Amino acid sequence: MEIIVQPTPEDASLIAARHVARLVREKPDAVLGLATGATPLTLYRELVRMHREEELDFSGVTTFNLDEYVGLAPDHPASYHTFMREHFFAHVNIDPGRIHIPDGLTSDVPAFCRAYEDAIKAAGGIDLQVLGIGTDGHIGFNEPSSSLASRTRIKTLTPRTRRDNVAAFGTQEQVPIHVITMGVGTIMDAREVLLLAFGIKKSAAIAAAVEGPVTSMSPASILQMHPVARCIVDVTAASRLARTGYYRWVYQQKPDWQKL
Ligand code: GLP
């Protein structure tokens with residue numbers, strides 16, 4: 001895994017945005033895997049700016065979001081459909097027919113999950129998956145103990161994750177218990193993965209994922225087995241890593257052709 005440590009979340013997000021934009025310019029029909037949460041907000045804001053000011057064209061891009069809460073309608077204020085619309089899709093020229101987000105209201109969850117996997121395959125697979133990380137090391141909504149080979153399916157949130165996500169809902173009781181999420185195996189099939197993490201509250205999860213053993217107790221740790229995984233963190237999220245000096249050195253020494 002490549003670890004890129006940046007002074008601030010803003011610096012980290014701008015590097016991530018540049019990287020996503022480069023892919024979209026090189027491959028106008030790129031398939032992007034997208035994440036929600038506070039972490040990718042600046043990345044989306046910057047992509048929107050590039051669309052408005054630098055003609056970054058999303059008309060041929062296909063997207064698959066990682067997850068959605070079971071029971072929430074697409075127009076529910078806390079749904080990930082709403083999040084993506086408000087922070088990204090409404091502001092770029094993406095074709096609505098190419099947007100995929102799990103359906104929290106599906107009446108047949110297993111059939112829906114199979115169809116979601118089929119749709120990813122039919123689109124040619126995900127070129128670049130953007131990820132955040134939960135304080136317990138989850139990616140998507142794959143909580144600790146998730147099978148590292150799992151596919152899109154229903155999951156039950158831990159009390160901790162429901163607490164972490166309370167802001168969008170008001171009270172913890174209102175946070176749904178169930179979600180539909182791409183599996184860890186689904187995420188691992190992406191040709192490239194970009195994990196973003198900011199803030200001291202992510203430092204333990206990042207240390208476990210990057211320098212700990214590969215284990216389902218830290219689902220993000222499986223990214224150590226991914227051939228093209230990058231982890232872009234700010235200094236506070238990096239603060240519990242043992243080898244930060246080396247990661248910085250690697251980044252500084254990059255040959256020009258390899259710079260992000
Ligand atoms: C939720 C989402 C994840 C996200 C995580 C962290 O659990 N399902 O995709 O990475 O929250 O959220 P935040 O970026 O707000 O810290």
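Because the structure is predicted, anything quoted here is derived from the model rather than measured.
- Residues M84 and T36 form a side-chain contact, since some pair of their non-hydrogen atoms from C-beta on lies under 4.5 Å apart.
- Residues I133 and L195 form a side-chain contact, since some pair of their non-hydrogen atoms from C-beta on lies under 4.5 Å apart.
- A pairwise comparison of heavy atoms in I126 and L32 identifies CG2-C, 4.3 Å as the closest pair.
- Remark: D95 CG to T63 OG1 distance equals 10.0 Å, nearest 0.5 Å.
- Between T161 and T158, the side chains place a donor N or O and an acceptor N or O closer than 3.5 Å (distance only, hydrogens not considered).
- Electrostatic pairing of R151 and D189 counts as a salt bridge here, judged by a charged N lying under 4.0 Å from a carboxylate O.
- Donor-acceptor pairing under 3.5 Å is recorded for the side chains of T135 and D164.
- For D127, the salt bridge (charged side-chain N to carboxylate O under 4.0 Å, His left out) partners are K27, R191, not counting sequence neighbours.
- S13 and E10 share no donor-acceptor pair across their side chains, judged by distance under 3.5 Å alone.
- In this structure, F169 and H76 have tilted ring planes: the angle between them lies in the 30° to 60° band.
- Across E211 and R243, no two heavy atoms sit closer than the pair OE2-N, 3.1 Å.
- If you run side chain to side chain contact (heavy atoms under 4.5 Å, CB included) between C231 and each of L223, V210, L196, only V210 comes through.
- Using cut-offs of 30° and 60° on the angle between ring planes, the pair F83 and H87 is tilted.
- V24 places a side-chain heavy atom less than 4.5 Å from the side chain of V61.
- Here the side chains of H81 and E68 are in contact, with some heavy-atom distance below 4.5 Å.
- E54 has a carboxylate O that lies under 4.0 Å from a charged side-chain N of R49, or vice versa, which qualifies the two as a salt bridge.
- A donor-acceptor pair is defined here as one N or O able to donate and one able to accept, closer than 3.5 Å; no such pair exists between the side chain of R240 and the backbone of I206.
- In this model, a donor atom of one side chain and an acceptor atom of the other lie less than 3.5 Å apart for E192 and H19.
- No side-chain N or O of T106 forms a donor-acceptor pair with one of D108 less than 3.5 Å apart.
- Ring planes of Y116 and F64: perpendicular class, angle over 60° (limits at 30 and 60°).
- Looking at heavy atoms from C-beta onward, V5 lies out of side-chain contact with I232 at the 4.5 angstrom threshold.
- Rounded to the nearest 0.5 Å, atoms OG (S146) and CE (M217) are 9.0 Å apart.
- For the pair D234 and T8, the minimum side-chain heavy-atom distance is 4.5 Å or more.
- Smallest separation of non-hydrogen atoms from S239 and S203: OG-CB, 3.7 Å.
- The distance from atom NE2 of H178 to atom CG of L157, rounded to the nearest 0.5 Å, is 8.5 Å.
- What you find for P219 and I139 is that their closest heavy atoms are O-CD1, 3.9 Å.
- A pairwise comparison of heavy atoms in I180 and P102 identifies CG2-CB, 3.8 Å as the closest pair.
- Within the 4.5 Å cutoff, side-chain heavy atoms of V175 are placed close to those of Y69.
- Side-chain contact, N142 with R153: a donor N or O sits under 3.5 Å from an acceptor N or O.
- No more than 12 heavy atoms of other residues, nucleotides or ligands shown are found within 6.0 angstrom of CD on E55.
- Contact between I222 and L148 at its shortest, heavy atoms only, is CD1-CD1, 3.9 Å.
- At least one side-chain heavy atom of L66 sits less than 4.5 Å from a side-chain heavy atom of Q129.
- Checking T186 against E117 by side-chain atom types alone, a donor-acceptor pair falls below 3.5 Å.
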**Request:** Check the pair K254, E2 against salt bridge (Lys or Arg N to Asp or Glu O under 4.0 Å), reporting the backbone distance first and the verdict last.
**Result:** CA-CA 11 Å; K254 266 179 186 291; E2 180 178 1; 2.5 Å; yes
